[in-house]
2 protein chains.
Amino acid sequence: MNKEIKKSDFVQSLEKGLNVINAFDMDHEQMTLSDVAKKVDLTRANARRILLTLQHLGYVTSLDGKLFSLTPKVLSLGYSYLSGLPFRELAQPYMQELAKEINESCSMSVLDNSDIVYIARVHTKRIMTISLGVGTRLPAHATSMGKVLLASMDPMEAAKLIGQMKFEELTPFTLSKNAFIQHLDVVRKQGWAISDQELEIGVRSIACPIRDKKGKVIAAINISGHASRVTLEDLVKKYLSALKDKVEKIEHALINL
Amino acid sequence: MNKEIKKSDFVQSLEKGLNVINAFDMDHEQMTLSDVAKKVDLTRANARRILLTLQHLGYVTSLDGKLFSLTPKVLSLGYSYLSGLPFRELAQPYMQELAKEINESCSMSVLDNSDIVYIARVHTKRIMTISLGVGTRLPAHATSMGKVLLASMDPMEAAKLIGQMKFEELTPFTLSKNAFIQHLDVVRKQGWAISDQELEIGVRSIACPIRDKKGKVIAAINISGHASRVTLEDLVKKYLSALKDKVEKIEHALINL
DNA sequence: TACTTTTGTTTGATATTAGAACATAAAATT
DNA sequence: AATTTTATGTTCTAATATCAAACAAAAGTA
């Protein structure tokens with residue numbers, strides 16, 4: 001099914017370079033040339049040339065010539081994309097209000113193949129172990145936002161995408177592919193979706209789509225909280241109306257844009 | 001002054017590919033192959049190969065095969081960097097409190113050469129002058145955060161960096177290089193800095209550094225507002241203490257990390 | 001210290017990629 | 001509809017990039 005690409009139309013050095021950038025993460029903030037070579041599966045010679053190139057371009061820095069790390073300049077890459085989403089900035093204040101009112105986290109995401117990708121996030125809790133920040137990817141099939149985003153797609157396209165998805169069973173509550181497909185009809189009708197510990201035990205969330213002035217769904221927004229504080233009933237009886245209210249305000253603000 | 005790099009240690013296809021990603025921005029959300037070639041100064045053949053490569057890797061998409069645009073996957077690149085800054089997520093709730101309390105914007109940034117780069121931002125106003133989002137770069141010499149960040153550097157290194165900087169006169173209030181250098185001593189002593197319409201007429205801000213447990217400055221945080229609402233006196237008499245209070249809390253939270 | 005292992009650098013043969021020129025297709029203009 | 005203009009796709013040789021392997025330099029270890 002994957003579109004074939006002619007070998008001569010593929011720039012492998014670019015792929016390798018991007019892989020090197022992605023190789024840096026929380027647990028690999030600093031790496032030597034050899035670390036990178038191992039992690040990205042390159043020869044050391046190749047890893048070296050790529051790192052020197054990235055360093056020369058200012059995406060990577062090295063204090064001592066041994067340990068390399070990314071510079072803030074890599075943000076310019078990711079944020080080339082975000083700057084194309086003006087509604088994101090616009091929605092942020094409303095998301096803050098919402099998070100504050102209900103004292104739970106509020107997030108916005110878009111779909112990228114079988115994952116949702118966070119494009120904005122507001123959390124109120126200080127405890128917050130580690131970061132589901134902007135750019136984080138989660139499997140669409142187990143999240144409330146994934147459900148509303150898939151439900152809003154052209155049914156044919158959605159079916160195709162779902163066909164390729166893996167439906168990993170992340171918790172005992174994660175839906176099977178068949179259950180998911182059936183459930184999607186409900187989501188389409190009601191206009192919102194819930195994930196009840198389908199992604200992770202202890203996490204519940206409810207999501208709505210956000211539409212542009214033409215009615216096209218451009219993102220999803222959700223409220224999520226810990227099951228110990230948030231019952232299923234809370235989600236539907238208390239949070240849904242708050243969420244809908246903010247969505248309405250965001251969509252209204254979107255008209256004058 | 002620029003470090004020389006041997007030609008054989010530079011991967012030009014990687015540079016070109018990164019330039020292509022950066023070519024997409026708010027005013028160029030969608031581009032044809034030829035648009036890209038023109039903007040990045042590539043041959044069409046080359047632009048084509050790079051776009052097909054990026055598409056194959058999922059960083060770029062094209063609905064019709066003509067117009068290309070970035071996908072959320074490019075966020076993974078920037079996210080590689082942000083995930084290496086755990087203090088960022090940790091500080092966000094405090095920044096939200098601060099922005100809420102004083103009803104003005106609050107931002108966090110780090111230095112990248114002669115620019116500051118936003119790594120977190122909270123704004124309360126809905127009116128939105130539009131997006132100084134994460135990843136935005138501003139010239140360090142005209143910003144309060146740039147001042148505290150430069151003031152916290154090793155003086156030799158700072159001097160070297162300042163020597164290379166251009167000190168563009170963005171408003172009549174922008175400091176000259178000499179005035180800036182002198183002013184930096186004051187900033188070093190007092191531990192905070194102001195920018196009074198030095199970046200843009202009508203914008204005032206005050207900034208403090210944030211230090212890790214070893215006392216090393218890892219970022220700057222500021223409050224900024226419009227001159228019509230925020231006087232210079234407000235900044236020092238009202239906002240400085242609020243800012244310091246949050247910085248203290250953030251630094252305290254940083255200890256248990 | 002000397003020995004071993006790991007890491008970084010260089011080199012020359014092979015494979016990939018770029019650019020120029022040309023071919024085709026689509027859009028715009030008449 | 002025909003013509004012109006512009007954009008896109010293809011091909012082929014020159015220029016680049018890769019690999020493997022040898023070499024050099026550090027960093028560990030005994």
Side-chain angles (χ1 to χ4, degrees), chain A residues 2-25 27-71 77, chain B residues 2-25 27-71 77:
Chain A
N2 244 337
K3 247 177 262 166
E4 271 318 308
I5 186 166
K6 265 195 297 181
K7 211 167 146 194
S8 66
D9 282 340
F10 189 79
V11 183
Q12 71 169 198
S13 7
L14 177 53
E15 176 180 35
K16 289 175 180 174
L18 294 171
N19 288 343
V20 167
I21 293 176
N22 279 324
F24 290 87
D25 61 28
D27 306 320
H28 303 83
E29 223 182 306
Q30 299 194 125
M31 286 192 280
T32 65
L33 179 164
S34 304
D35 292 338
V36 171
K38 218 168 291 168
K39 190 142 187 276
V40 186
D41 194 29
L42 300 172
T43 61
R44 292 196 305 280
N46 199 178
R48 178 170 172 268
R49 264 175 300 113
I50 288 172
L51 284 168
L52 292 176
T53 302
L54 290 172
Q55 180 171 33
H56 189 74
L57 298 173
Y59 293 103
V60 152
T61 185
S62 165
L63 292 174
D64 54 357
K66 299 274 176 196
L67 281 170
F68 294 86
S69 57
L70 296 178
T71 73
L77 298 168
Chain B
N2 244 337
K3 247 177 263 166
E4 272 317 309
I5 185 167
K6 266 191 296 181
K7 208 170 147 195
S8 66
D9 283 340
F10 190 78
V11 182
Q12 71 167 200
S13 5
L14 177 52
E15 175 179 37
K16 290 175 179 173
L18 295 171
N19 288 342
V20 167
I21 294 176
N22 279 324
F24 290 88
D25 60 30
D27 306 321
H28 302 83
E29 223 182 303
Q30 299 196 125
M31 288 192 279
T32 65
L33 179 163
S34 305
D35 292 338
V36 171
K38 216 169 292 166
K39 190 142 187 277
V40 185
D41 195 29
L42 299 173
T43 61
R44 292 191 311 279
N46 198 355
R48 178 170 172 268
R49 279 189 300 266
I50 289 172
L51 284 168
L52 291 178
T53 302
L54 290 172
Q55 181 172 32
H56 189 75
L57 297 173
Y59 292 103
V60 153
T61 185
S62 166
L63 293 174
D64 53 358
K66 300 277 176 198
L67 281 169
F68 294 86
S69 57
L70 296 179
T71 74
L77 298 167

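Below, chain A is the first sequence line, B the second, and so on; all start at residue 1. All values reported here derive from a predicted model rather than from experimental measurement.
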Separation of atom CG in A:L51 from atom P in C:dT7, rounded to whole Å
14 Å
In whole Å, what is the span from the CG atom of B:D35 to the P atom of D:dT6?
14 Å
Whole angstrom value for the distance that separates C1' of D:dG9 from CG of B:L33:
9 Å
Mind calculating the distance between CD (A:E15) and C1' (C:dT16) to the nearest angstrom?
13 Å
When the distance from CG of A:L54 to P of D:dA17 is rounded to whole Å, what number comes out?
13 Å
B:L67 backbone acceptor or donor facing B:S62 side chain under 3.5 Å
yes
Output the rounded distance in Å from CG (A:L52) to P (D:dT18).
12 Å
side-chain contact (heavy atoms from CB on, under 4.5 Å) against A:E29, all qualifying residues, sequence neighbours excluded:
none
The nucleotide from C:dG19, D:dG9, C:dT9 with an atom nearest the side chain of B:R48 is D:dG9
With A:F68 as partner, the option from A:V36, A:D35, A:V60 fulfilling side chain to side chain contact (heavy atoms under 4.5 Å, CB included) is A:V60
Can you tell which of D:dT10, D:dA17, C:dG8 lies closest to the side chain of A:T32?
C:dG8
Walk me through whether B:L42 and B:N19 qualify under side chain to side chain contact (heavy atoms under 4.5 Å, CB included).
CA-CA 10 Å; B:L42 299 173; B:N19 288 342; over 6 Å; no
How long is the line joining CZ of A:F68 and P of C:dT7, in whole Å?
14 Å
Between CZ of A:F10 and P of C:dT16 the distance, given in whole Å, is 12 Å
Carefully, step by step, assess B:F10 and A:R49 under the rule side chain to side chain contact (heavy atoms under 4.5 Å, CB included).
CA-CA 6 Å; B:F10 190 78; A:R49 264 175 300 113; over 6 Å; no
My understanding is that only one of A:L57, A:L51, A:I50 makes a side chain to side chain contact (heavy atoms under 4.5 Å, CB included) with A:T53; could you say which?
A:L57
Is B:R49 close enough to C:dA18 that one of its side-chain N or O atoms is under 4.0 Å from OP1 or OP2 there?
yes
Would one find a side-chain N or O of B:K16 under 4.0 angstrom from OP1 or OP2 of D:dA17?
no
Residues in contact with DNA chain C, drawn from residues 38-46 of chain A - heavy-atom cutoff 4.0 Å:
A:K38, A:R44, A:A45
N or O in side chain of A:S13 less than 4.0 angstrom from D:dT16 OP1/OP2:
no
On DNA chain C, nearest-nucleotide positions of B:K66 versus A:L14: which is more 5'?
A:L14
Flag the pair B:K39 and B:D25 as a salt bridge only when some basic side-chain nitrogen lies within less than 4.0 angstrom of an acidic carboxylate oxygen.
yes
